[in-house]
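Step one of this worksheet: look at the structure below.
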2 protein chains.
Amino acid sequence: MRHLLVPKYVEQIARNGSLRSAAEELGITASALNRRILGLEEELGVEIFERHPSGLRPNIAGEILLKHFRDQIADMERVKSSIADISGQRAGHINIATTREVVQYFLPALIKESLIDFPAVTFGVDLLERGEAELSLVDNTNDIAIVFEPLRIKELQPVYSGEQQMFVVMSDKHPLAKKETVRIYECLDYALLLPKRPEGIRRMLDIAAEKTDTTLIPVLESNSLDLLRLMSQDSDALSFCLAINLRPNLKEDNLVAVPLLTPGIAPGALIAGHLRGRTLPVAAARFLETVNKELATKFAVIV
Amino acid sequence: MRHLLVPKYVEQIARNGSLRSAAEELGITASALNRRILGLEEELGVEIFERHPSGLRPNIAGEILLKHFRDQIADMERVKSSIADISGQRAGHINIATTREVVQYFLPALIKESLIDFPAVTFGVDLLERGEAELSLVDNTNDIAIVFEPLRIKELQPVYSGEQQMFVVMSDKHPLAKKETVRIYECLDYALLLPKRPEGIRRMLDIAAEKTDTTLIPVLESNSLDLLRLMSQDSDALSFCLAINLRPNLKEDNLVAVPLLTPGIAPGALIAGHLRGRTLPVAAARFLETVNKELATKFAVIV
DNA sequence: CCCACGTGTTGCAAAAAACGCAACACCTAA
DNA sequence: TTAGGTGTTGCGTTTTTTGCAACACGTGGG
């Protein structure tokens with residue numbers, strides 16, 4: 001969109017913190033970019049960037065303008081999406097922010113399905129640390145967030161919200177493998193394979209352990225959930241997993257999943273939603289709705 | 001704002017219904033304007049105007065885009081206003097839509113006050129027919145509407161909402177002049193000076209008359225309320241007026257105003273507000289708030 | 001200390017975009 | 001048929017934007 005060049009330029013500078021690097025990403029020279037900014041500032045009669053030796057930083061006026069420009073860019077995307085929709089093209093691009101615990105099997109299946117039905121709709125998926133997913137909605141980097149136990153719910157408008165049962169994953173020859181359910185203290189006798197700290201599932205486990213006055217001491221910490229699960233194979237080590245992230249065919253790996261009971265502790269919530277107050281492009285809105293339906297049929301819904 | 005040229009162009013064309021007339025108002029040639037539109041349509045990959053021999057009309061895609069562009073222009077005004085506000089300038093322009101029944105003494109006083117306190121804030125006042133004031137908010141022609149008995153309240157977000165007592169205005173030698181209150185049937189014996197039909201106050205009078213199974217037959221209908229009031233002087237004719245529009249010093253004209261009782265009929269509501277869902281520029285928001293305070297202290301508030 | 005590297009800014013000439021003019025094609029109402 | 005309205009297009013000119021190179025300034029490391 002030609003007439004949104006200036007907003008895009010300003011956005012890029014704010015994102016990179018310097019003229020030159022922004023200019024490079026935009027495919028123009030720093031001088032051209034600089035003059036655009038100077039011209040804009042002259043039009044406004046106010047400076048919008050603080051000049052530091054290290055680069056440019058939006059001042060207060062710049063922050064206001066930046067917010068407006070970001071909204072403007074996002075709105076234009078929405079409009080283009082609407083227009084494409086009414087002309088029967090159903091095109092658009094959807095950026096999704098999520099965490100490792102969620103994506104593994106659930107998201108790829110839905111995206112594949114969408115790609116078949118609406119080939120013109122493209123996707124971007126950002127794997128972010130706990131808390132960052134919600135933040136990435138604010139500057140419109142991403143449209144949709146699907147997260148477990150979100151940190152900032154003020155900015156997040158949930159469309160789906162449901163509890164996620166935790167499971168203990170172990171070899172099918174494991175002493176605990178035949179049990180209907182497992183409790184946290186029963187796990188302490190075995191080697192533990194735990195996700196690294198910031199993850200929401202790790203936090204849930206820590207809380208559950210604290211409740212029974214124990215501490216979880218892992219033999220292996222990792223943020224690769226695949227690695228943890230595979231380590232369980234042919235060993236007595238235990239790994240943990242959310243319902244949404246259970247591998248469909250665990251048997252082939254000689255693994256079993258047993259529900260983890262955590263009495264007195266509320267199960268963690270999985271939330272899918274968008275930035276509060278924002279109207280999504282039709283493509284994104286539609287996809288979020290199918291995510292919601294899929295989650296609602298697979299898992300319970302809580303209000 | 002240089003980068004808002006295209007939105008402004010589209011808006012002007014939609015407003016005028018033709019390239020050439022829009023081009024003239026914009027101070028460019030039709031060919032230049034035409035190429036801008038063609039370029040925009042190429043960027044979008046969709047036509048946004050229907051070409052008729054009589055001119056251009058936005059199609060469905062165009063309507064969507066138009067709404068977005070209008071919002072964009074209005075938002076930019078708001079942003080500029082915010083920026084001016086934080087730099088201590090308190091500048092901006094406020095467009096007010098209202099009806100004859102309201103403005104007479106109330107609005108000018110407030111505007112004068114504002115002009116003294118914030119000289120950089122300028123005003124535009126549109127006197128419109130009943131119903132049109134609310135409509136003019138939709139395309140952001142006006143920022144604030146102050147209307148009596150609005151027709152479309154879906155679009156109108158009220159900030160102040162209060163009842164307006166009706167008064168009968170007559171010569172101070174009139175037989176009814178000494179009464180505390182007057183009822184509608186008591187007026188039927190005298191010549192009536194009534195506002196013309198579409199006005200809200202006329203509608204209130206018609207309803208009140210209907211309730212008592214009579215019809216009001218005016219000797220003079222006019223949409224100049226001043227004219228009506230002056231006709232009451234030195235005659236037995238009666239004119240009608242809202243509380244907000246009572247002349248401060250009626251005595252000097254040898255006139256008196258007696259409250260009109262309309263039992264069983266809800267008094268008409270005076271509403272001051274803005275377009276639902278829109279965030280006003282700071283200058284407009286501030287002015288609307290002073291309007292609200294002024295109305296709330298002078299007249300009752302209804303929720 | 002200075003040197004290398006990062007930053008934003010500016011002069012100038014070249015390239016690109018936008019513009020106005022005039023002509024054209026079309027429709028409609030007088 | 002004519003006169004006046006519409007949008008569109010080719011072309012030469014004007015305006016704007018750009019890239020290149022040089023400059024000025026601040027910072028961190030040898």
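Here the structure is a predicted model, which means the values were calculated and not measured. Chain identifiers are assigned alphabetically (A, B, ...) following the order of the sequence lines, protein sequences preceding nucleic acid strands; residue numbering begins at 1 within each chain. FYI, side chains are in, hydrogens and waters are out, and symmetry mates aren't considered; it's all heavy atoms of this structure.
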How many Å lie between [atom1] on [X] and [atom2] on [N], as a whole number?
| X | N | atom1 | atom2 | value |
| --- | --- | --- | --- | --- |
| A:Leu19 | D:dC25 | CG | P | 18 Å |
| A:Glu42 | D:dT16 | CD | P | 12 Å |
| A:Asn16 | C:dT7 | CG | P | 10 Å |
| A:Leu40 | D:dT17 | CG | C1' | 16 Å |
| A:Ile37 | D:dT18 | CD1 | C1' | 15 Å |
| B:Phe49 | D:dT6 | CZ | C1' | 14 Å |

Polar atom pairs (N or O), protein with nucleotides 16-26 of chain C, under 3.5 Å:
residue	atom	partner	partner atom	Å
C:dC19	OP1	B:Arg36	NH1	3.4
C:dC19	OP2	B:Arg36	NH1	3.3
C:dG20	OP2	B:Thr29	N	3.0
C:dG20	OP2	B:Thr29	OG1	2.7
C:dG20	N7	B:Ser31	OG	3.3
C:dG20	O6	B:Arg35	NH2	2.6
C:dC21	N4	B:Ser31	OG	3.0

Item to complete: Verify the ring-centre separation between B:Phe69 and A:His3: is it less than 6.0 angstrom?
Response: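 Ring centroids of A:His3 and B:Phe69 are less than 6.0 Å from each other.
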
Should [X] and [Y] count as an ion pair when the cut-off is N to O under 4.0 Å?
| X | Y | answer |
| --- | --- | --- |
| A:Arg203 | A:Asp206 | no |
| B:Lys80 | B:Glu77 | yes |
| A:Arg286 | A:Asp85 | yes |
| A:Arg130 | A:Glu149 | no |

Does the side chain of [Y] come within less than 4.5 Å of [X]'s, by heavy atoms?
| X | Y | result |
| --- | --- | --- |
| A:Asp139 | A:Leu66 | no |
| B:Arg202 | B:Lys196 | no |
| B:Ile37 | B:Glu41 | yes |

Worksheet item: Using a cut-off of less than 4.0 Å, is there contact between a side-chain N or O of B:Asn34 and OP1 or OP2 of D:dG7?
Response: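 For D:dG7, OP1/OP2 do not have a side-chain N/O of B:Asn34 under 4.0 Å.
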
Worksheet entry | Strand-adjacent residues in residues 50-64 of chain A, judged by heavy atoms under 4.0 Å from DNA chain C |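 Heavy-atom contacts with DNA chain C come from A:Arg51, A:Pro53, A:Ser54, A:Gly55, A:Leu56.
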
